Amino acid sequence: MSQTQTLYAAYAEKIDAVLSALEMEGTLPPETNRANVSVEPPRDPSHGDLATNAAMVLAKQAKTNPRALAEQIVEHLKRDPLITSAEIAGPGFINLRLAPQSWVEELLAIAEKGDDYGRSAIGTGTTVNVEYVSANPTGPMHMGHCRGAVVGDALASLLEHAGHDVIREYYVNDAGGQVDTLARSAHLRYREALGEDIGDIPEGMYPGEYLVPVGKAAAEEFGDRFVSEPEEEWLPIFRSFAVERMMAMIKSDLAMLGIEHDVFASEAALQAAQKPEAAEAWLREHDLVYDGVLEKPKGKTVDDWEPVELPLFRSTKFGDDQDRSIRKSDGKWTYFGADLAYHMQKAEKADALIDIWGADHAGTVKRIKAAVAALSEGQGEPIPFDVKLVQMVQLLRGGEPVKMSKRSGNFVTIADMVEEVGKDVVRFTMLTRKPEAQMDFDFAKVVEASKDNPVFYVQYAHARVCSTLRKAKAEGLSPSSEHLDTLGEDERTLIKQAAQFPREVEAAARAREPHRIAFYLYDLAAAFHAYYNLGNDDAQKRIIVAQNPEISGARLFLGQQIGQVIRNGLGILGVEAVEEL
RNA sequence: GCGCCCGUAGCUCAGUCGGAUAGAGCAUCGGAUUCCUAAUCCGGGGGCCACAGGUUCGAAUCCUGUCGGGCGCACCA
């Protein structure tokens, strides 16, 4: 049994050992396929602490009926002193009850591991690159980026807790045409800063006020040197000048959400290093890129469409609707052309890649997956690559949609939102929904009705633990593991809930679904609130029991560990575990 | 027209590798506070898991089709 093994994993191993014994005895055929055997807590707690479907799944292979096989398994399990009962139920489930001692031990394990309780080793030895946000460096972060940012960040720390090495990466699209637009817009604000009346911002330029300080900074830096120079003189300079400032702004927006990336990868640098050229050469060699003409797009009218010959990647070979161009007609790289080279660059330093994208990019998933599969397979090992799509967030205020228009520069920024409702609310709310479902985010609801807001509910549970400990300390009591045998059924219910945490982390990490942690924490908080309230009806059931330091010590110890688990879970989500509300 | 995502209580959503009587919150109705924080707790009512087939010991979950909502569909990113 390894140090980091969960209680559930330990019992899965015990059952596995029983199955092996049955194979030896001849009850089960050798090398039985056990892939579908599960060991998990039953949904209905009255069924016991653990349930396994082993008999039902294996009956066919054993050429017997589930109940008969179950009896054989039960026979073996009953020999374990920590298993107080093993019963056959329903179609052939085996329900186990564990000795109170098992749960006391789990409680001690939480105390011993502390901040590390819930960490797992399932990911040890593999590095995962999580690319998220990657907003264009042309303006501040707005709501469209927020959900992906939070989900990506929570996923990254979830994977860390599962034992992976994680690279948090941001792809800076500093090479495309939109950066030229940014540079021109910044130049306009630069002239404005030098006293020129620039009038209305022309169509096609970025009108946002956030460029005003960039113009001023440019004026200070360059004086009037570039006012009347031809564009080709100043464009590259303004491009990098503006991108640098945009990225500084974005980083500060991300910091407000508690997000910090390890790597900012520049598309321009990638192109300067001729990575796309290398990828193209390899793909051409393997007949995966050819020169061809695409058909006119259907279902959408394109006014200036005309047939052009372009270098095309054969993504249709991988299930895409049509082949995709990797260069534009002017010879420059398309986003896709650079992006496939970028993914190969990421693959050099990681064993698995995950991209977090907005749902509006769903149409490009097939081509990039195809390209990465082809390239990575051709250049050695195929690399596991997952694209997680995060659906749109509809912003509401009191049920009414908040109007946003990027063109007018009128949109809700992340900075606005964090200032209004706070980082913890934003993060937790974004994580209490599975990412592939659309969600509404109502400002009014999220701040005003704090009682129906799960983040406060969870934080309150933690704060209650802390306040109880403070109160105890004032009364000269302290948590103690001396008399944990005084803990009863009410306490065990709570411990069982807490004991699921490591299992939940592993499951969430495997599924790459950080939102499960949020829901788990809600359930744990509910269990704690329920436990706490028992003391309202019966003073003997309080955590601090007058004149009884032994029970109080044990219950305080329990409370302390529940607080620890909540803290660890909130830590994964990047939400603060406050000590008082 | 095609592709991807979603459809579970009046509303917002969970639902573990397919598992036992489908769960929470809000809303609604009824209770708990001289007492460790009531931002909490306990209880009642509320369901054709969009619809129709299929797969199997077993389907909200997997497959096919239909309907409804969202997103996307040359060289933008």
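When reading the values below, keep in mind they use all heavy atoms of this one structure, side chains included, and skip hydrogens, waters and symmetry mates. Only a predicted model underlies this, so the values are computations on that prediction, with no experimental measurement involved. Quick note on labels: first sequence line is chain A, next is B, and so on, each numbered from 1.
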Between A:Y460 and A:R464, does any side-chain donor sit less than 3.5 Å from a side-chain acceptor? yes
Counting just side-chain N and O atoms, does A:R464 come under 4.0 Å of either OP1 or OP2 of B:A38? yes
Measure all distances between protein nitrogen or oxygen atoms and nitrogen or oxygen atoms of nucleotides 5-9 of chain B, and list the pairs falling under 3.5 Å.
{"unit_1": "B:C5", "atom_1": "O2'", "unit_2": "A:Q391", "atom_2": "NE2", "d": "3.4"}
{"unit_1": "B:C5", "atom_1": "O2'", "unit_2": "A:E436", "atom_2": "O", "d": "2.4"}

Aromatic stack A:H361/B:G72: centroid gap under 5.5 Å, interplanar angle under 30°: no
Answer yes if the side chains of A:D424 and A:Q459 hold a donor-acceptor pair under 3.5 Å, and no otherwise. yes
Centres of the A:F528 and A:H462 rings: under 6.0 Å? no
Report yes if at least one side-chain N or O of A:H515 is closer than 4.0 Å to OP1 or OP2 of B:G15; otherwise report no. yes
Can you confirm if the aromatic rings of A:F557 and A:H483 lie within a centre distance of less than 6.0 Å? no
N or O in side chain of A:S325 less than 4.0 angstrom from B:A74 OP1/OP2: no
Ignoring backbone atoms, establish whether A:K328 has a side-chain N or O less than 4.0 Å from OP1 or OP2 of B:A77. yes
Would you say A:Y457 reaches B:C41's phosphate, i.e. side-chain N/O to OP1/OP2 under 4.0 Å? yes
Go ahead and write out RNA chain B as dot-bracket, 5' to 3': ( ) for pairs within the strand, [ ] for ones crossing earlier pairs, | when the partner sits on another strand, dots for unpaired; Watson-Crick or G-U wobble, both distances under 3.5 Å. (((((((..((((.....[...)))).(((((.......))))).....(((((..]....))))))))))))....
Looking at A:E169 and A:K346, does any basic side-chain N land under 4.0 Å from a carboxylate oxygen? no
OP1, OP2 of B:C13 versus side-chain N and O of A:R433: anything below 4.0 Å? yes
Touch check for A:N173, heavy atoms < 4.0 angstrom, all strands: base, sugar-phosphate only, or nothing? sugar-phosphate
May I ask you to decide whether A:R512 forms a salt bridge with A:D386, counting only side-chain N to carboxylate O separations under 4.0 Å? yes
Give a yes/no verdict on base stacking between B:A20 and A:F93: centres under 5.5 Å, planes within less than 30° of parallel. yes
Quick test of your reading of the model: are A:K541 and A:D537 salt-bridged, counting only N-O distances below 4.0 Å? no
